[in-house]
Novice: 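Can you read through this structure? Questions will come right after.
What you see is a predicted model; the values in this text were computed from it and never measured.
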Amino acid sequence: MRRRRIAVGLAGALLLAGAGFGLASWRPALAPGGPGPGETTPERVGRGAVLASLGYCASCHTAQGDRPYAGGRGLATPFGTIYATNITPDPETGLGRWTLAAFTRAMREGVDREGRHLYPAFPYTHYAGLTEADIAALYAFVMTREPVRQAARPNALPFPLNWRPLLAGWKLLFVREPRIPGTTAPADPRRDSEWHRGAYLAEALSHCGACHTPRNSLGAEVKAKPYAGGEADGWWAPPLDRSSPAPLAWSEDALARYLAEWDPQHGGAAGPMRPVVDAHRTVPAGEIRALAAYTASLYGAGPAGSRTGPVDRAVGTDDPALARGATIYAGACATCHESGGGVPYTTASLGHRTTLRAPDPRNLLLVLRDGVAPREHAAGPIMPGFGAALTQGQMRDLAAYLRARFSPDGPWPDLDATIRDLMRDSPGPGARAGAGG
Ligand code: HEC
Ligand code: HEC
Ligand code: HEC
């Protein structure tokens, strides 16, 4: 219902915006072709590989590990599901007939070779800021992948949002010059070249703001609130500015460790941030340092939050729900989380985690439901999921206990509703309890 109302409102606004510009929305098809001479030199392909890792192309464009870049992964948005396309050089179903000019137009303007507007789930609003040389390197990389024949899945969007010309209106409303176009702007004389490199990577290629900046009701990033906290795949993406509720401040060194793998103070990524961190494993350390330098500077901007250091409060046993939560914690969690950091990849206390300071319980519940798994063939944090082991009531008691113990803020107001919502599809007693009423 809500989605329908958004859809109608959105369509109305976009039609209005687009109406006056009818013809402006039309884009020509570009002639078919492939890479020209010198456009796929090994040097370019090698640079493109690093850039593709830092642009997280594979995390959206790969649905099955054995068919890299062949598309098919669905991205859930408030408007419906949009499927990433096949960007291997297959001529029928991929980019096999795309010239560098067509690829460049897609990356800068979000228009495909045939002239159709692309949905901003493809973060071209960020890629638009890439240098010509970097776009050419990415082109060399994708055009030398193994071609895979796999047609794109149709998007699951309600009418009229599935009508692509509407996107012309969206672009007129929201697409501005990238904040940091090219390699060097915004020349900030107080900052060094590492910071500028980090700014370029974060803003243009790594599109950190696509998840960490709030979006308006039409799905565009709110430019006035950069990095004030956003959404990704149903997860809360914490603020990366002064309003961050993180119990421990994020230093440049901590960020560099977190972005490269895991930080012993803050812990590591568990949700949609995990593929970002995984992709960094093949990236030179200098690039990660640059990202960390820029991100550390963001934490100085924005409105002040109310940071208090880590909290670990005694939780009284007079509240029966909290007492039940404490018992579940002692039985299911304490071996790892009360080991004082002794069990690999655990922090000294869960009180170090931003997750327990979040404005809502989604990230905690998703971690409890699904656990944390390392990438195949890689060492990394492991936590079992409890979605099949705990009922919704047990999940609620546990979450309420963790919040009371590890956060100075009050209980989460929407805990019950969020549990019903998130545990609906979970296979265990949680789901059965929900179905039974
Ligand atoms: C956050 C997810 C996401 C990331 C990251 C991403 N893409 Fe995409 N991309 C998409 C989606 C979704 C589409 C399809 C959009 C549509 O159907 O309108 C798409 C479409 C494209 C297209 C147009 C293809 C066509 O068939 O029309 C190209 C080219 C492309 N992406 C290249 C890249 C490259 C190169 C990278 C990495 C630098 C990248 N993408 C990273 C989600 C993503
Ligand atoms: C086998 C050991 C183990 C068990 C048992 C375990 N965890 Fe974890 N947990 C981990 C590891 C490892 C991580 C990942 C830490 C990281 O990435 O920094 C983690 C992460 C977390 C996080 C942080 C997630 C985030 O994104 O902030 C929370 C909260 C958490 N666990 C709670 C629990 C609770 C509650 C239980 C019991 C129901 C539990 N864990 C059981 C090992 C365990
Ligand atoms: C696909 C969406 C997405 C992208 C892209 C992304 N993040 Fe995140 N990030 C998240 C989410 C969601 C979390 C929190 C939960 C998790 O996934 O572990 C997070 C967590 C973080 C945290 C931990 C904050 C805290 O207080 O615990 C930092 C720091 C961070 N991201 C920095 C970055 C930087 C820097 C970039 C760009 C290089 C980036 N992120 C790109 C979604 C994203």
Novice: Identify the heavy atoms of W412 and T355 that sit nearest to each other, and give their distance.
Specialist: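 Closest approach of W412 to T355: CZ2-O, 3.8 Å.
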Novice: Would you find a donor on one side and an acceptor on the other, under 3.5 Å apart, between the side chain of R105 and the backbone of D112?
Specialist: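 Flag set: sc R105 to bb D112 pair under 3.5 Å.
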Novice: What is the distance from atom CG of L368 to atom CG of L402, rounded to the nearest 0.5 Å?
Specialist: 7.0 Å
Novice: Please lay out, stage by stage, how F174 and N216 fare under the test side chain to side chain contact (heavy atoms under 4.5 Å, CB included).
Specialist: CA-CA 10 Å; F174 300 120; N216 65 21; 3.2 Å; yes
Novice: Going through the distances and angles, do M423 and L365 end up as a side chain to side chain contact (heavy atoms under 4.5 Å, CB included)?
Specialist: CA-CA 9 Å; M423 302 301 154; L365 294 170; 4.0 Å; yes
Novice: Is there a donor-acceptor pair closer than 3.5 Å between any side-chain N or O of Y127 and the backbone N or O of A106?
Specialist: no
Novice: Working to the nearest 0.5 angstrom, can you tell me the gap between H117 NE2 and L167 CG?
Specialist: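 These two atoms lie 7.0 Å from each other.
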Novice: Is it the case that atom CD in E132 sees more than 12 heavy atoms from other parts of the structure closer than 6.0 Å?
Specialist: no
Novice: Do D192 and R197 have side-chain heavy atoms sitting under 4.5 Å apart?
Specialist: no
Novice: What closest approach, in Å, do A63 and G72 show between heavy atoms, and which atom pair accounts for it?
Specialist: CB-C, 3.8 Å
Novice: Between Y124 and H207, is the ring centre distance below 6.0 Å?
Specialist: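 Here the rings of H207 and Y124 have centres that are no less than 6.0 Å from each other.
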Novice: Below 4.5 Å, heavy atoms only, C-beta onward: do Y200 and T131 meet side chain to side chain?
Specialist: yes
Novice: Determine yes or no for a side-chain-to-main-chain donor-acceptor pair under 3.5 angstrom, with R313 supplying the side chain and A404 the backbone.
Specialist: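 Present.
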Novice: For the residue pair S243 / D241, report whether a side-chain donor-acceptor contact shorter than 3.5 Å exists.
Specialist: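 Note: D241 and S243 side chains meet the donor-acceptor criterion.
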Novice: Write down the atom of L75, the atom of C60, and the distance for their closest heavy-atom approach.
Specialist: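 That would be CD2-SG, 4.0 Å.
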Novice: Looking only at the side chains, is there a donor atom on one of D312 and S349 sitting less than 3.5 Å from an acceptor on the other?
Specialist: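 Judged by distance alone, the side chains do not pair up.
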Novice: Given side chains that start at C-beta, do those of E92 and R149 come closer than 4.5 Å, heavy atoms only?
Specialist: yes
Novice: Could you give the distance from CG (D188) to NE2 (H196), rounded to the nearest 0.5 Å?
Specialist: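 Nearest 0.5 Å value for the CG-NE2 distance: 5.5 Å.
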Novice: Give the C-alpha distance, both sets of side-chain angles, the deciding distance and a yes or no for side chain to side chain contact (heavy atoms under 4.5 Å, CB included) between V148 and Y69.
Specialist: CA-CA 8 Å; V148 178; Y69 301 103; over 6 Å; no
Novice: If you define the side chain from C-beta out and look only at heavy atoms, does anything of R145 sit under 4.5 Å from P89?
Specialist: yes
Novice: Quick one: do the S297 and W195 side chains pair a donor with an acceptor below 3.5 Å?
Specialist: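 There is such a pair (donor and acceptor under 3.5 Å, judged by atom type) between the side chains of S297 and W195.
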Novice: Quick check: do S206 and L291 have side-chain heavy atoms less than 4.5 Å from each other?
Specialist: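 Yes, their side chains come closer than 4.5 Å.
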Novice: Atom CG in L248, atom CD in Q265: separation rounded to 0.5 Å?
Specialist: 5.5 Å
Novice: Please check this pair: side chain of R403 against backbone of L356, looking for a donor-acceptor N/O pair closer than 3.5 Å.
Specialist: yes
Novice: If you compare all heavy atoms of G129 against all heavy atoms of A204, which two are closest, and at what distance to 0.1 Å?
Specialist: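 Taking G129 first and A204 second, the nearest heavy atoms are C-CB, 3.8 Å.
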Novice: Donor-acceptor pair, distance only, cut-off 3.5 Å: does the side chain of K171 make one with the backbone of G110?
Specialist: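 Such a contact is found between K171 side chain and G110 backbone.
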Novice: Mark yes or no for whether R396, through its side chain, and I419, through its backbone, hold a donor-acceptor pair below 3.5 Å.
Specialist: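 No; judged by distance alone, with no hydrogens or angles, the pair does not exist.
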Novice: If you compare all heavy atoms of P238 against all heavy atoms of T354, which two are closest, and at what distance to 0.1 Å?
Specialist: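 For P238 versus T354, the nearest heavy atoms are CB-CG2, 4.3 Å.
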Novice: Between D409 and R357, does any side-chain N to carboxylate O distance fall below 4.0 Å?
Specialist: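 Salt bridge between D409 and R357, a charged N being under 4.0 Å from a carboxylate O: no.
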Novice: Is there a donor-acceptor pair closer than 3.5 Å between any side-chain N or O of W98 and the backbone N or O of Y139?
Specialist: no
Novice: Evaluate the side-chain proximity of V343 to T335: yes if any heavy-atom separation is below 4.5 Å, no if none is.
Specialist: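 No. Closest side-chain heavy atoms not under 4.5 Å.
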Novice: State plainly whether the residues R44 and D134 are in salt-bridge range, i.e. N to O under 4.0 Å.
Specialist: no
Novice: Starting at NE2 of H126, measure out to CD of E203 and round the result to the nearest 0.5 Å.
Specialist: 7.5 Å
Novice: With a 4.5 Å cut-off on side-chain heavy atoms, are Y119 and N155 touching?
Specialist: yes
Novice: Could you measure the distance from the OG1 atom of T346 to the CD atom of E338? Nearest 0.5 Å is fine.
Specialist: 10.0 Å
Novice: In terms of relative ring orientation, are Y227 and Y294 parallel, tilted or perpendicular, with 30° and 60° separating the classes?
Specialist: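 If you compare the ring of Y227 with that of Y294, the planes turn out perpendicular.
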Novice: Specify the closest pair of heavy atoms between A399 and L415, including all atoms of both residues, with the distance to one decimal.
Specialist: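 Where A399 meets L415 most closely, the heavy atoms are CB-CD1, 3.9 Å.
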Novice: Does D90 come within less than 4.0 Å of R67, counting only side-chain N to carboxylate O?
Specialist: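 Here D90 does not pair with R67 in a salt bridge, since their nearest N and O are not under 4.0 Å apart.
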Novice: Is a side-chain donor-acceptor pair under 3.5 Å present for H280 with Y56?
Specialist: yes
Novice: Quick check: do D421 and R424 have side-chain heavy atoms less than 4.5 Å from each other?
Specialist: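 They are in side-chain contact.
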Novice: When you measure from the side chain of H61 to the backbone of T85, do you find a donor-acceptor pair of N or O atoms at a distance under 3.5 Å?
Specialist: yes
Novice: Could you walk me through whether Y299 and L255 pass the side chain to side chain contact (heavy atoms under 4.5 Å, CB included) check?
Specialist: CA-CA 11 Å; Y299 278 100; L255 284 163; 4.2 Å; yes
Novice: Would a distance-only check, ignoring hydrogens and angles, find a side-chain to backbone donor-acceptor pair under 3.5 Å from R73 to Q64?
Specialist: no
Novice: Would you mind listing every ring-ring contact (aromatic ring centres under 6.0 Å, His included) that reaches into residues 326-367, with sequence neighbours excluded?
Specialist: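 Sorted pair list: W262-Y345, Y329-Y401.
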Novice: Would a distance-only check, ignoring hydrogens and angles, find a side-chain to backbone donor-acceptor pair under 3.5 Å from N86 to Q150?
Specialist: yes
Novice: Quick one about T282 and S53 (side-chain donor to acceptor, distance below 3.5 Å, no hydrogens or angles considered), yes or no?
Specialist: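 A donor-acceptor contact under 3.5 Å links the two side chains.
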